Asker: 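Just passing along the structure, written as structure tokens.
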Amino acid sequence: WRPSEISMADDRKQFPELSKAEVKAFKRINGLLASLDSVQTRLITELSLVFTDPSVQSIVGVIAQQEATHNESYSYIFSSLVELKEQNEIYDMARTDPSVIRRNKLIIDIYEEYRENPTPYTVAKALAASIILEGINFYSGFAFFYHLANRQKMVGTSTMFMYIQKDEMQHGYFVAMLLRAVLTENPDIDKDGKFTKELI
């Protein structure tokens, strides 16, 4: 699917009619999701270089392409609703907002640890963090847009997120299988439950 297949015409008309609180939440959450997906796109691309199984490399390549489409989707939503200057301000806010930084710190730190020292252990941690990112952080962001759609507001945007969520469910499932394989091939990673405790 492509973002441009979804009409934003009704959303464009409804956006000015949202309450101030709804507009603020819309911008912050969409900006947060865009920042998370850009980090995710990079990680998935880097992980494709670690695995030697051709089928895994192929699937990871498809996931990376889908993550790039998700980033395109956030831009498409904003470009349909606000001017470029405001779009840039929203993306800057997502990179500098203390609450956003605090929320993403665990995952960013784990991804950076993997980049600095790619071992089976740090790969496993990055995969687990990816599951947290896609299985919790993304879905909690999507909920706001589904709430709007339940009240017949910004339905085009929520449709976009339904497409993204469908992809993310598949990503989470595959990454969980990949994590199981890494832990099976490297049983010392979770010796004495250390790996599990670190992530909790």
Side-chain angles (χ1 to χ4, degrees), residues 1-8 10-11 25-51 53-81 87 90-91 94-95 100 103-104 106-108 110-111 114-115 123-150 153-182 199:
W1 62 275
R2 305 294 303 164
S4 56
E5 295 169 5
I6 299 166
S7 173
M8 294 293 289
D10 289 340
D11 289 42
F26 189 102
K27 291 176 181 178
R28 286 179 66 119
I29 296 170
N30 200 33
L32 166 67
L33 291 169
S35 69
L36 290 173
D37 242 330
S38 62
V39 170
Q40 189 68 358
T41 302
R42 180 178 169 197
L43 173 81
I44 294 297
T45 302
E46 291 169 350
L47 283 174
S48 69
L49 305 174
V50 172
F51 298 103
D53 184 306
S55 62
V56 172
Q57 289 177 333
S58 297
I59 294 169
V60 172
V62 169
I63 291 173
Q65 184 275 325
Q66 289 174 335
E67 297 293 1
T69 298
H70 301 168
N71 274 307
E72 184 184 345
S73 300
Y74 306 125
S75 296
Y76 176 71
I77 290 168
F78 276 143
S79 66
S80 301
L81 303 174
Q87 293 173 48
I90 293 166
Y91 292 131
R95 287 191 295 270
V100 172
R103 178 182 172 141
N104 296 336
L106 170 69
I107 290 165
I108 300 298
I110 290 172
Y111 284 6
Y114 156 71
R115 286 188 185 102
V123 167
K125 280 181 69 175
L127 291 171
S130 173
I131 294 166
I132 294 167
L133 176 67
E134 296 199 336
I136 298 174
N137 290 13
F138 282 159
Y139 289 153
S140 64
F142 298 161
F144 169 75
F145 299 99
Y146 296 155
H147 171 71
L148 288 179
N150 284 339
K153 295 180 178 182
M154 310 303 286
V155 173
T157 299
S158 75
T159 300
M160 190 91 66
F161 285 114
M162 281 190 281
Y163 287 163
I164 293 172
Q165 181 177 346
K166 182 180 175 185
D167 290 345
E168 301 298 5
M169 288 175 66
Q170 295 300 317
H171 300 176
Y173 177 75
F174 176 75
V175 170
M177 289 195 312
L178 203 52
L179 175 57
R180 283 190 202 104
V182 170
L199 292 170

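The structure displayed is predicted, hence computed values, not measured ones. When reading the values below, keep in mind they use all heavy atoms of this one structure, side chains included, and skip hydrogens, waters and symmetry mates.
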Asker: Once rounded to the nearest 0.5 Å, what's the spacing between atom CZ of Phe138 and atom CG of Asp37?
Answerer: 4.0 Å
Asker: If you look at every heavy atom in Tyr111 and Ala126, which pair is closest and at what distance?
Answerer: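 It is CE1-O, 3.6 Å.
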Asker: If I compare all heavy atoms of Ser38 with all of Ser35, which pair ends up nearest, and what's the gap?
Answerer: OG-O, 2.8 Å
Asker: How many angstroms lie between OG in Ser130 and CD1 in Ile63, if you round to the nearest 0.5 Å?
Answerer: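 Going from the OG atom of Ser130 to the CD1 atom of Ile63 covers 8.0 Å.
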Asker: Taking C-beta and beyond as the side chain, do Phe26 and Asp11 meet within less than 4.5 Å on heavy atoms?
Answerer: no
Asker: Can you measure from CE (Met162) to OG1 (Thr157) and round to the nearest 0.5 angstrom?
Answerer: 10.5 Å
Asker: Kindly assign one of parallel, tilted or perpendicular to the pair Trp1 and Tyr163, based on the angle between their ring planes and the thresholds 30° and 60°.
Answerer: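 Judged by the thresholds at 30° and 60°, the geometry between Trp1 and Tyr163 is tilted.
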Asker: Show your working on side chain to side chain contact (heavy atoms under 4.5 Å, CB included) between Tyr74 and Ile164 and close with a plain yes or no.
Answerer: CA-CA 10 Å; Tyr74 306 125; Ile164 293 172; 4.0 Å; yes
Asker: Report the distance from atom CE of Met177 to atom CD1 of Ile59, rounding to the nearest 0.5 Å.
Answerer: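 If I round to the nearest 0.5 Å, the distance is 6.5 Å.
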Asker: Nearest heavy-atom pair of Ile131 and Val175: which atoms, and what distance?
Answerer: CG1-CG1, 3.7 Å
Asker: With side chains defined as the heavy atoms from C-beta onward, is the minimum distance between Asn104 and Asn137 less than 4.5 Å?
Answerer: yes
Asker: Taking only residues two or more places apart in sequence or in another chain, which ones pass salt bridge (charged side-chain N to carboxylate O under 4.0 Å, His left out) with Arg115?
Answerer: Glu46, Glu112
Asker: Checking Asn71 against Thr41: is there a side-chain donor and acceptor pair closer than 3.5 Å?
Answerer: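 Yes, a side-chain donor-acceptor pair sits under 3.5 Å.
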Asker: Side chains of Val155 and Asp10: does their closest heavy-atom pair fall under 4.5 Å?
Answerer: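 Not touching, per the 4.5 Å side-chain cut-off.
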Asker: Within this structure, what is the CG-OH distance for the pair Leu81 and Tyr76, rounded to the nearest 0.5 Å?
Answerer: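 OH of Tyr76 is found 10.0 Å from CG of Leu81.
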Asker: With side chain to side chain contact (heavy atoms under 4.5 Å, CB included) as the test, would you mind laying out the steps for Leu33 and Phe145 before giving the verdict?
Answerer: CA-CA 12 Å; Leu33 291 169; Phe145 299 99; 4.1 Å; yes
Asker: Out of Glu67, Gln40, Gln66, which one pairs with Glu168 under the side-chain contact (heavy atoms from CB on, under 4.5 Å) rule?
Answerer: Glu67
Asker: Give the minimum heavy-atom separation between Ala124 and Val182, together with the two atoms involved.
Answerer: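 The answer is CB-CG1, 4.1 Å.
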Asker: Looking only at atom types and distance, does a side-chain atom of Tyr146 sit under 3.5 Å from a main-chain N or O of Phe161, one as donor and one as acceptor?
Answerer: yes
Asker: Looking at Thr69, is its backbone amide N or carbonyl O close enough to the side chain of Ser73 to form a donor-acceptor pair, meaning the two atoms are under 3.5 Å apart?
Answerer: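 Present.
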Asker: What pair of heavy atoms forms the shortest contact from Met8 to Gly156, and how long is it?
Answerer: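 Closest approach of Met8 to Gly156, heavy atoms only: SD-C, 4.1 Å.
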Asker: What's the spacing between Glu72 CD and Met160 CE if we round to 0.5 Å?
Answerer: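 The CE atom of Met160 is 9.0 Å from CD of Glu72, to the nearest 0.5 Å.
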Asker: Tell me the closest heavy-atom pair linking Ala129 and Ile110, and the distance in Å.
Answerer: CB-CG2, 3.9 Å
Asker: Tyr139 and Gln165: side chain to side chain contact (heavy atoms under 4.5 Å, CB included), yes or no, with the steps?
Answerer: CA-CA 7 Å; Tyr139 289 153; Gln165 181 177 346; 3.2 Å; yes
Asker: Please work out whether the ring planes of His70 and His171 are parallel, tilted or perpendicular, with thresholds of 30° and 60°.
Answerer: parallel
